[in-house]
2 protein chains.
Amino acid sequence: MISSTAPENVKDVHGVRERILTAGRAEFAQNGLGAGSVRAIGERAGVTAAMINYYFGGKRALYDAVVSEAQARLGRRLSAAVAGDRAGLAPRLAAAHFDFLSEEPELQRLLLREVLDQGQSVRELAARYVQPLRALFEQHFGADDEALQLAVSLFGAVAGYFLYEPLLGAFLGVDPHSPGALARRRRHVIRLATHLDEMNR
Amino acid sequence: MISSTAPENVKDVHGVRERILTAGRAEFAQNGLGAGSVRAIGERAGVTAAMINYYFGGKRALYDAVVSEAQARLGRRLSAAVAGDRAGLAPRLAAAHFDFLSEEPELQRLLLREVLDQGQSVRELAARYVQPLRALFEQHFGADDEALQLAVSLFGAVAGYFLYEPLLGAFLGVDPHSPGALARRRRHVIRLATHLDEMNR
DNA sequence: ATACGTTCTAAATGAACGTTTAGATCCGCT
DNA sequence: AGCGGATCTAAACGTTCATTTAGAACGTAT
């Protein structure tokens, strides 16, 4: 249960709490939990470091709030893609994943750091989203191992593109974040997913 | 140019330098450059923190040495896979990449952190290995965009499997590091690469 | 046995860290 | 006008950080 230990009577009439949340997201995405500094977050938000404790109860609690918000956002996107028609589920999921990562590079970095740090929130995330996805996957595609492996590859292909962006710049010969490169990548990823969909016919 | 500023006259008769290198690798893989501590490295190596400065000239220089050694090791593996027969290049590369990551999870984490931290060594790595790979790729497969995209997907599929290991545990239903799961994944990845190879016939 | 360079520790230094505290300022309500 | 809670800052606290320094211990060669 991620909850801030801040006093109940804060009202945040000037949007400071929101600004700290944004600043914390940027700082933690850039430097991670351990190397991120509350003084730097305060500077980004235009307040003193003491405000982090006032509104959130501490550095760790702010981090938890930031991560849990990011996870919720990703979860909402994936859930929306899962809902609706059964046909075209795989490409819809791939597109949703791809779009989330390309639109929110900050959250991508933040969540990757959380995975690398082996934060317990990762295991919670696994239980909350990945397990149900697996169940959905099985009833749609069956428990065939090759289909599972392909799904994993698809996932890695989508995430890896953004993770290894600096290396891929040299490999692809263009900036991976340029509109053209993004569009080409999106097309390819959706085609891969469609292939997975059809493989099961 | 990554070089330690340690005095020239150190001889390391007791293998302390090597022990510090190993300890630094473990510490930086676990916590990254910013959050890793030289005191913790000293403890791991059984010496005082001052020894990091004595042998390497500082925390940053030790980190550079550790990362550059890891990159060299990965580079050697990939180079060995590239050398030899032209046929089967893609699956050989994929297998080499996969084997490196599965055998050296510590280096995997270390290098991933370096990518996330956008260290300049990543750009150097890109220039040293990725660009030549791209040239090799082009003369073998042509500049076809779909082939490039597939290569990127393959790369992401290999790396993503290890990166998202805690999530995949929930998805695959087994420990991704178990021998059986590793063997299945390796087979799948090689098959994907072979598919890429044949696509170009 | 003595001298010397190498290896290492313990202690000190100054900066940065997260957090706490005391109090100033602000604003709505009576 | 003045009280009271909400918001915020400046300063201080204790801890940890990377690094420097002085000198002890060690092995080797003379």
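All chains are named by letter (A, B, ...) in the order of the sequence lines, taking the proteins before the strands, and each is independently numbered beginning at 1. Predicted model, so just to flag it, every value in this text is computed and none were measured.
Regarding B:R17, its CZ atom lies at a distance of 13 Å from the P atom of C:dC8, rounded to whole Å. A straight line from CE of B:M51 to P of D:dA25 spans 15 Å, rounded to a whole angstrom. Between the P atom of D:dA6 and the OH atom of A:Y55 lies a distance of 11 Å, rounded to the nearest Å. Rounded to whole Å, the distance from OH on B:Y54 to P on C:dC8 is 7 Å.
Sequence neighbours left out, the pairs with a member in residues 89-99 of chain A that pass side-chain hydrogen bond (donor to acceptor under 3.5 Å, both in side chains) are A:D99-A:R186. Screening residues 18-47 of chain A for ring-ring contact (aromatic ring centres under 6.0 Å, His included), with sequence neighbours left out, gives A:F28-A:Y63. Residue pairs meeting the ring-ring contact (aromatic ring centres under 6.0 Å, His included) criterion with at least one member in residues 67-87 of chain A, sequence neighbours excluded, do not occur. Within the structure, side-chain hydrogen bond (donor to acceptor under 3.5 Å, both in side chains) pairs that include any residue of residues 75-89 of chain A comprise A:R77-A:E103 (at least two apart or interchain).
Distance NE2/A:H195 to CG/A:L150: 6.0 Å, rounded to 0.5 Å.
For B:R185, there are no salt bridge (charged side-chain N to carboxylate O under 4.0 Å, His left out) partners, not counting sequence neighbours. Partners of B:R19 by side chain to side chain donor-acceptor pair (under 3.5 Å), not counting sequence neighbours: none found.
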For this session: Between protein and nucleotides 17-28 of chain C, map the contacts as a letter string: B base, S sugar-phosphate only, - none, heavy atoms under 4.0 Å, written 5' to 3'.
Result: BBBB--------

Identify all side-chain donor-acceptor contacts of residues 159-167 of chain B below 3.5 Å with residues at least two apart in sequence or on another chain.
unit_1, atom_1, unit_2, atom_2, d
B:Y161, OH, B:P176, O, 2.8
B:E165, OE1, B:H177, ND1, 3.4

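Bending across the helix from C:dA1-D:dT30 to C:dT30-D:dA1, expressed as the angle between its end axes from five pairs apiece, amounts to 20° (10° rounding).
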